[in-house]
Amino acid sequence: MTVIALLSVAPVIEGSMASEVAKAVDALDDFDVSYETNPMGTVIEADSAAELFDAARAAHEAVDGDRVSTVLKIDDKRTREQRAQEKVDAVETELGRAARRER
């Protein structure tokens, strides 16, 4: 089974959050997950929901601050293996082009 999630962890502060977000991303390296960070969060793939939750918790706890906001959206497809890239590929097949546009 592959569990895919979008994780966003950020301190509620003024100014740049980059150093704290970097701590959250760095915490993921302690787990058997793959991930890719984008401007709105980090897509994580894990072999089990338990591993994913453990990694998300570690990322949340790695961020310093009086207040930390964490959003976790999970796609737990239990009928077959599916990677995040396959989901993107399926949309691009329907579009007949890459699912991106540069301005």
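Both backbone and side-chain heavy atoms feed into the values below; hydrogens, waters and symmetry mates do not.
- Hydrophobic cluster membership for Val71: none, as no Ile, Leu, Val, Met, Phe, Trp or Tyr side chain comes under 4.5 Å of it.
- Residues passing the salt bridge (Lys or Arg N to Asp or Glu O under 4.0 Å) test with Asp75, sequence neighbours excluded: Lys87.
- Arg100 is linked by a salt bridge (Lys or Arg N to Asp or Glu O under 4.0 Å) to Glu102, counting only residues two or more places apart in sequence or in another chain.
- The number of heavy atoms from other shown groups lying within 6.0 Å of CG (Asp66) does not exceed 12.
- Judged by distance alone, with hydrogens and angles left aside, the side-chain atoms of Glu45 form a donor-acceptor pair with the main-chain N or O of Ala84 at under 3.5 Å.
- Judged as a side-chain contact (heavy atoms from CB on, under 4.5 Å), and not counting sequence neighbours, the contacts of Ile13 are Pro11, Met17.
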Give the intermediate values and the outcome of side-chain contact (heavy atoms from CB on, under 4.5 Å) for residues Leu95 and Val91.
CA-CA 6 Å; Leu95 282 171; Val91 171; 4.1 Å; yes

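- Grouped by direct or indirect side-chain proximity (heavy atoms under 4.5 Å, Ile/Leu/Val/Met/Phe/Trp/Tyr only), Val88 sits alone.
- Under the 4.5 Å side-chain heavy-atom criterion for ILVMFWY residues, a single connected hydrophobic cluster contains both Leu72 and Val68.
- A continuous path of Ile, Leu, Val, Met, Phe, Trp and Tyr side chains, each step under 4.5 Å between heavy atoms, connects Ile74 with Leu7, placing both in one hydrophobic cluster.
- Hydrophobic cluster membership differs between Phe53 and Leu6, with clusters built from Ile, Leu, Val, Met, Phe, Trp and Tyr side chains linked at under 4.5 angstrom.
- Members clustered with Val12: none, using a 4.5 Å side-chain heavy-atom cutoff among hydrophobic residues.
- A salt bridge does not link Glu86 with Arg83: none of the charged nitrogens is closer than 4.0 Å to a carboxylate oxygen.
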For residues 26-36, which side-chain N or O atoms pair as donor and acceptor with protein atoms under 3.5 Å away, sequence neighbours left out?
residue : atom : partner : partner atom : Å
Asp29   : OD1  : Tyr35   : OH           : 2.7

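- For Ser69, there are no side-chain hydrogen bond (donor to acceptor under 3.5 Å, both in side chains) partners at least two apart in sequence or on another chain.
- Both Ile44 and Val21 are assigned to one and the same hydrophobic cluster, defined by single-linkage of ILVMFWY side chains at heavy-atom distances under 4.5 Å.
- Partners of Glu92 under the salt bridge (Lys or Arg N to Asp or Glu O under 4.0 Å) rule, at least two apart in sequence or in another chain, do not exist in this structure.
- Val63 and Leu52 end up in the same hydrophobic cluster when Ile, Leu, Val, Met, Phe, Trp and Tyr side chains are linked at under 4.5 Å.
- Applying the side-chain hydrogen bond (donor to acceptor under 3.5 Å, both in side chains) test to every pair with at least one member in residues 50-59, sequence neighbours left out, gives these pairs: Arg57-Glu61.
- With hydrogens and angles left out, the side-chain atoms of Gln82 and Thr2 include no donor and acceptor closer than 3.5 Å.
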